[in-house]
Trainee: 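Pasting a structure here, questions to come.
FYI, the numbering just counts along the sequence from 1. What's counted below: heavy atoms across the whole structure, side chains too, no hydrogens, waters or symmetry copies.
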Amino acid sequence: MKWTHANVLVLLLALPTGVLCAQDASHQPLRPVSDCMRIDRINGWAVVDDRTVIVSNGPNRFKVTTEASCPRLGTGNSLRFRAAPDKNSLGLSAICGETGEAVFARDQPPCAIASVEKIDKPAYDKLAKKAHHRGSGADQPTAPPAGGR
């Protein structure tokens, strides 16, 4: 096969798409959306480690895992969540573990959320014993932000 600039360009453009598709295939957000963590109902949170946050949300409890290490989570006893852009545009303040969701401390860069899972009270209590930052849901916005963060 004779390699032309067009063939090489098509190959290079196809590679990142394949990688992105593989990442999306492994991404399993919570469903239905009613099972997701509601930002406006957070009544407590704890940072377990650089990648793990637990959240109490009324009678429900969640374990949130970030895509990368986020050593500043909980700095200043503040923690905020940002829903995916499509949920913000619909007026939903839910965190389901979808692409575009983030958690961040006040005045710190956001950390992308990799997964969200419901956990029971014993699992929550076990993780809470390892926590190094804690707080209430008082920092959470009561309405989704108009744009972005």
Trainee: Can you name the closest pair of heavy atoms from I54 and I119 and give their distance?
Mentor: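 Closest approach of I54 to I119, heavy atoms only: CG2-CD1, 4.2 Å.
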Trainee: Quick one: pull up CD1 in I39 and CZ in R80 and give me the separation to the nearest 0.5 Å.
Mentor: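 These two atoms lie 9.0 Å from each other.
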Trainee: Ignoring hydrogens and angles, tell me if any N or O in the side chain of E101 forms a donor-acceptor pair with the backbone of G97 under 3.5 Å.
Mentor: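 Yes.
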Trainee: Give the minimum heavy-atom separation between H132 and V48, together with the two atoms involved.
Mentor: CD2-O, 3.6 Å
Trainee: Might you point out which heavy atoms bring G74 and L79 nearest each other, and give the distance in Å?
Mentor: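 Minimum heavy-atom contact is N-CD1, 3.7 Å.
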Trainee: Give a yes or no on whether a salt bridge exists between K129 and D125, defined as a side-chain N under 4.0 angstrom from a carboxylate O.
Mentor: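 No, this pair does not count.
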Trainee: Go through the steps to decide whether I95 and C36 satisfy the test side chain to side chain contact (heavy atoms under 4.5 Å, CB included), and finish with yes or no.
Mentor: CA-CA 6 Å; I95 301 292; C36 296; 5.9 Å; no
Trainee: Specify the closest pair of heavy atoms between C111 and T66, including all atoms of both residues, with the distance to one decimal.
Mentor: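 Taking C111 first and T66 second, the nearest heavy atoms are CB-CG2, 4.0 Å.
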Trainee: Using only atom types and a distance under 3.5 Å, with no angle test, would you say the side chain of W45 pairs donor to acceptor with the backbone of S56?
Mentor: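 Pair absent, no side-chain N/O of W45 close to backbone of S56.
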Trainee: Ignoring hydrogens, what is the shortest heavy-atom contact between D50 and P71? Give both atom names and the distance.
Mentor: OD1-CA, 3.6 Å
Trainee: Hey, is the main chain of R38 close enough, under 3.5 Å, to the side chain of N57 for a donor-acceptor pair?
Mentor: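 Side chain of N57 to backbone of R38, a donor-acceptor pair under 3.5 Å: yes, one is there.
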Trainee: Any idea which heavy atoms bring A84 and E98 closest together, and the distance?
Mentor: CB-OE1, 4.2 Å
Trainee: Side chain to side chain contact (heavy atoms under 4.5 Å, CB included) for F62 and V53? Distances and angles first, verdict last.
Mentor: CA-CA 8 Å; F62 297 88; V53 176; over 6 Å; no
Trainee: Applying side chain to side chain contact (heavy atoms under 4.5 Å, CB included), run through Y124 and K63 and close with a yes or a no.
Mentor: CA-CA 8 Å; Y124 181 92; K63 178 181 170 189; over 6 Å; no
Trainee: Just wondering, do M37 and V64 contact through their side chains at under 4.5 Å, heavy atoms?
Mentor: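 Touching, per the 4.5 Å side-chain cut-off.
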Trainee: Please determine whether a side-chain nitrogen of the Lys or Arg among D49 and R51 lies less than 4.0 Å from a carboxylate oxygen of the Asp or Glu.
Mentor: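 No, no charged N to carboxylate O under 4.0 Å.
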Trainee: Look up atom CG in N60 and atom CG in D35, then write down how far apart they are to the nearest 0.5 Å.
Mentor: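 Those atoms lie 8.0 Å apart.
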Trainee: Would you compute the distance between atom CZ of R72 and atom CZ of F104 and round it to the nearest 0.5 angstrom?
Mentor: 14.5 Å
Trainee: Can R61 and K118 be said to form a side chain to side chain contact (heavy atoms under 4.5 Å, CB included), step by step?
Mentor: CA-CA 6 Å; R61 291 162 188 83; K118 276 189 160 182; over 6 Å; no
Trainee: Does R134 reach the main-chain N or O of G44 with its side chain, forming a donor-acceptor pair under 3.5 Å?
Mentor: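 No, because the side chain of R134 does not come within donor-acceptor range (under 3.5 Å) of the backbone of G44.
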